[in-house]
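In what follows, a structure is listed as structure tokens, so that the remarks can point back to it.
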Amino acid sequence: MSVSVCLLFPDLLGTYGDSGNATILVQRLRWRGIAAELTVIHSGDVVPASCDLYVVGGGEDQPQALAADELGATSSSSPLARAVDSGAVVFAVCAGLQILGKEFAGPDGESRAGVGLLDCATSPGRRRAVGELAVEPALGLGLSRTLSGYENHAGVTTVGPGAEPLGLVVAGVGNSSDSGVDGARAGRVLGTYMHGPALARNPDLADLLLGWVVGPLEPLDDTDAEELRRRRLSAAGGVPASGVAGILPRTWRRILQRR
Ligand code: GLN
């Protein structure tokens, strides 16, 4: 079996090295002797519904709206939705997260339909969030290390009851300063505001996504990635790389109830 990773629209959505997330996923499989192939879909190409794992990056408002159109946001059956129905994993960053939601803000500030794979909605915020982002992963994901990323977005995202945030923000803004959380996840569809590229900084997160496709994975030597994560967390105001003692179950329950 060869795992197929599909990078969607790097010509539209690929700021801050986000396309590298797809390379990282393929390479982490190959390092373990698992066959993997990368399919790159540019705007105008037909989006396949048969891949195992899809990667969507972030970008400016205009290309973001084009990417949503390309993904068939307004049609009843987008290839991506069909792939997810068949069990595919999707990892989306920033604009990618926004267009996978139910609605997002277009270049004119007006609300536009998203692909609807995540129960979240994005509207224009008052102030752009720019800088390092550090996130304690949600309980239940099996991740123990604080996640590191870089954020630059004007949109403010609200997560509905059909999804869960990716985690609790410990530095930076994430979905909104009011919510205190970052990202959204429903089943195997996961979005975050973390650029960086996120999977270079957080190999745990890459392996979480890969594990959903191929099952348990043997560990790799992530010394270099760990050093990168450590440095970036230090740049995020001295967030300890060893974790902020995790999220207390009652804190997470309160966060989910507050929505
Ligand atoms: N255009 C979106 C916003 O500003 C997403 C930006 C991004 O992907 N970095 O909110």
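Computed from a predicted model, the values in this text were never measured in an experiment. When a ligand or atom number is given, it counts from 1 through the structure's own listing order.
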Lys/Arg-Asp/Glu bridge criterion (N-O < 4.0 Å) met for Arg112, Asp69: yes
Flag the pair Arg145 and Asp222 as a salt bridge only when some basic side-chain nitrogen lies within less than 4.0 angstrom of an acidic carboxylate oxygen. no
What's the shortest distance from [atom] to any protein heavy atom, and which residue and atom give it?
atom                    : value
atom 1 (N) of ligand 1  : Asp61 OD1, 2.4 Å
atom 7 (C) of ligand 1  : Cys94 SG, 2.9 Å
atom 9 (N) of ligand 1  : Asn152 O, 2.8 Å
atom 2 (C) of ligand 1  : Gln64 OE1, 3.2 Å
atom 4 (O) of ligand 1  : Ala154 N, 2.9 Å
atom 10 (O) of ligand 1 : Gly155 N, 2.8 Å
atom 5 (C) of ligand 1  : Gly59 O, 3.3 Å

What do we get for Gln98 next to ligand 1 when only non-hydrogen atoms under 4.0 Å count, side chain, backbone, both or neither? side chain
Name the orientation class of the two ring planes belonging to Tyr193 and His153 (parallel below 30°, tilted from 30 to 60°, perpendicular beyond 60°). parallel
Contact (N/O only, under 3.5 Å) between [X] and ligand 1:
X      : value
His153 : no
His195 : yes
Gly58  : no

Whether the Glu70 and Ser43 side chains hold a donor-acceptor pair (N or O, under 3.5 Å, no angle test) is what I'd like checked. no
Among side-chain atoms of Ser148 and Arg229, is any donor-acceptor pair under 3.5 angstrom? no
Any non-hydrogen side-chain atom of Leu228 less than 4.5 Å from a side-chain atom of Arg231? no
Does ligand 1 have an atom under 4.0 Å from some heavy atom of Arg128? yes
If you compare all heavy atoms of Cys94 against all heavy atoms of Gly58, which two are closest, and at what distance to 0.1 Å? CB-CA, 4.3 Å
Among Pro79, Ser50, Pro48, which residue satisfies the side chain to side chain contact (heavy atoms under 4.5 Å, CB included) criterion with Cys6? Pro48
